[in-house]
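Data block below; observations after.
Whatever order the structure lists them in is the order used to number ligands and atoms, beginning at 1. Numbering starts at 1 and runs along the sequence shown.
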Amino acid sequence: MGTRLLAIDPRQPAADLLAEAARIVKDGGLVAFPTETVYGLGADALNGSAVRSIFEAKGRPADNPLIVHIASMDDLLKVSLPTQAQQSALERLAEEFWPGPLTVVLPKNDAVPKEVTAGLNTVAVRMPAHPVALGLIAAVGRPIAAPSANRSGRPSPTEASHVKGDLDGRIPLILDGGPTEVGLESTVLDLTATPPLIHRPGSVTVEQIRHTLQTAVAIAPYVFDGGAGEEVKGVPLSPGIKYEHYAPRTRCILVDGPFDSVMTLLRERIADESKKGKRVGLLLTDEGAKVLKGRGNALCVSGSRGEPAEIARHIYRCLRNLDEADLDIIYIEGIAATGVGAAVMNRLSRAAGHRILRAPTL
Ligand code: TXA
Ligand code: MG
């Protein structure tokens with residue numbers, strides 16, 4: 001199968017291009033499209049066999065459920081059956097964060113095929129804040145099930161070229177709307193749990209959700225440290241947690257701690273590795289890159305430490321680029337795990353396979 005890359009205006013997508021992509025989805029095919037978070041690989045959410053082909057194209061384990069993307073609140077009732085309490089929580093959240101990078105887990109209805117939810121009786125739903133995604137869903141006239149458009153286990157794609165690199169020859173069409181804005185996958189919030197439970201941190205933060213709901217919000221214990229995780233009061237783990245590694249092929253080590261101490265440790269490590277003849281890659285912030293200027297064999301700079309949202313936008317691109325630089329090891333500078341930084345550190349920790357070096361507090 002030849003994979004076509006079709007450029008599309010991310011702000012005002014042309015109706016004929018959306019119609020062409022919608023035709024493929026209506027016929028049970030797959031289309032990769034940009035959202036504000038990362039690129040998604042979409043199929044008709046109400047067509048079980050179309051959804052099955054997503055799993056084949058990605059090499060995704062069948063027990064890892066997908067997010068259903070909607071374009072209107074009416075679409076929500078095509079896939080879910082919220083209780084009154086869930087409905088009112090959802091309305092507050094939607095008012096504040098939709099369209100946007102927040103996914104909510106609700107009881108599913110009978111229209112949703114088991115392929116989407118991996119047999120769970122809940123469904124994950126979000127309304128993406130991207131004209132191409134919204135336009136495509138509207139043109140199809142049905143919700144679209146879409147995971148991130150990477151090969152299973154690879155970092156999520158933030159540019160169409162990443163999708164092409166991972167899925168070339170496996171899908172018919174990629175809509176290229178340029179680099180994505182947020183750069184990290186959506187926050188996943190389970191409204192069927194009491195209190196609501198964050199399965200995956202994202203750019204919508206726990207503080208924002210607590211403020212909007214005016215209730216307690218639990219955070220799955222594996223979220224920040226990426227540890228193995230355990231059952232939270234009878235609520236099962238989000239299935240994706242055990243699979244998603246967001247990992248480059250090159251071994252990565254995350255170095256966390258006070259900035260000056262991290263820099264000292266990195267200087268030593270880079271010198272040691274180089275002495276052993278190893279090729280070292282660095283994923284650093286602006287500030288880190290200034291301090292470590294000229295060291296290592298390859299560098300990708302993610303953004304300023306004071307701007308975790310900027311760092312979020314660049315980490316997957318950096319991980320992919322460094323992975324192509326023929327390196328023996330990649331050292332990653334950690335940032336403060338607060339606000340959006342919590343989501344960044346969650347992904348970096350996974351990219352490093354939870355190999356974390358703690359630089360001492362000086
Ligand atoms: O930003 C995003 O969320 C992107 C874009 C394309 O929308 N999508 C994305 O999908 O990251 P994916 O499939 O890579 O991640 C979906 C996550 C997985 O961790 C999965 O386990 C979880 O959502 N999930 C899906 N349905 C669930 C459910 N019913 N209960 C708990 N977790 C669920
Ligand atoms: Mg994914």
Would Asp190 count as a contact of ligand 1 if the rule is a heavy atom under 4.0 Å away? no
Side-chain heavy atoms of Pro172 within contact of Met1, under 4.5 Å: yes
Polar contacts were defined as any N/O atom of the residue lying under 3.5 Å from an N/O atom of the ligand; does this apply to Arg200 and ligand 1? yes
Can you tell me if Ser156 has an N, O or S atom under 2.8 Å away from the Mg ion (ligand 2)? no
In ligand 1, which numbered atoms sit nearer than 4.0 Å to a non-hydrogen atom of Ala124? 25 (C), 26 (N), 27 (C)
Which atoms of ligand 1 sit under 4.0 Å from any heavy atom of Thr37? 1 (O), 2 (C), 4 (C), 5 (C)
Ligand-residue contact atoms, ligand 1 with Thr122, heavy atoms, under 4.0 Å: 28 (C), 29 (N), 30 (N)
Heavy-atom count check: over 12 atoms from other residues, nucleotides or ligands less than 6.0 Å from Gln12 CD? no
If you measure from the Lys or Arg side-chain nitrogens to the Asp or Glu carboxylate oxygens, is any gap between Arg23 and Asp27 under 4.0 Å? yes
Could you check if a side-chain atom of Ile137 sits within less than 4.5 angstrom of a side-chain atom of Met127, using non-hydrogen atoms only? no
Atoms of ligand 1, numbered as shown, that sit under 4.0 Å from any heavy atom of Glu185: 1 (O), 2 (C), 11 (O)
Heavy atoms, side chains only, cut-off 4.5 Å: are Asn150 and Tyr316 in contact? no
I'd like the name of whichever of Pro65, Ala133, Ser186, Ala149 reaches closest to atom 3 (O) of ligand 1 through any heavy atom. Ser186
I'd like the name of whichever of Leu197, Val68, Val105 reaches closest to atom 30 (N) of ligand 1 through any heavy atom. Val105
Treating Ile, Leu, Val, Met, Phe, Trp and Tyr as nodes and any side-chain heavy-atom pair under 4.5 angstrom as an edge, say whether Ile67 and Ile54 lie in one connected cluster. no
For the CZ atom of Arg210 and the OG1 atom of Thr212, what is their distance to the nearest 0.5 Å? 12.0 Å
Is any N or O atom of Tyr39, backbone or side chain, closer than 3.5 Å to an N or O atom of ligand 1? no
Determine, considering heavy atoms only, which of Leu41, Asn64, Val116, Thr35 sits nearest to atom 20 (C) of ligand 1. Asn64
Would you find more than 12 non-hydrogen atoms of other residues, nucleotides or ligands less than 6.0 Å from Asp16 atom CG? yes
What do we get for Leu66 next to ligand 1 when only non-hydrogen atoms under 4.0 Å count, side chain, backbone, both or neither? backbone
Heavy-atom pairs closer than 4.0 Å: do any link ligand 1 to the side chain of Leu120, the backbone, both, or neither? side chain
At the 4.0 Å heavy-atom cut-off, does Arg60 count as touching ligand 1? yes
Separation of Ile209 CD1 from Phe97 CZ (nearest 0.5 Å): 6.0 Å
Considering Pro128, Gly42, Ser148 one by one, which has a heavy atom nearer to atom 14 (O) of ligand 1 than any of the others? Ser148
For ligand 1, does Lys58 get within less than 4.0 Å through its side chain, its backbone, both, or neither, judged by non-hydrogen atoms? neither
Would you say the side chain of Trp98 lies within less than 4.5 Å of the side chain of Leu76, judging by non-hydrogen atoms? yes
So for ligand 1, is Arg126 a polar contact partner (N or O within less than 3.5 Å, distance only)? yes
Close side-chain approach of Ser148 to Lys58, heavy-atom, < 4.5 Å: yes
Just jot down the ligand 1 atoms closer than 4.0 angstrom to any heavy atom of His69, in number order. 5 (C), 6 (C), 7 (O)
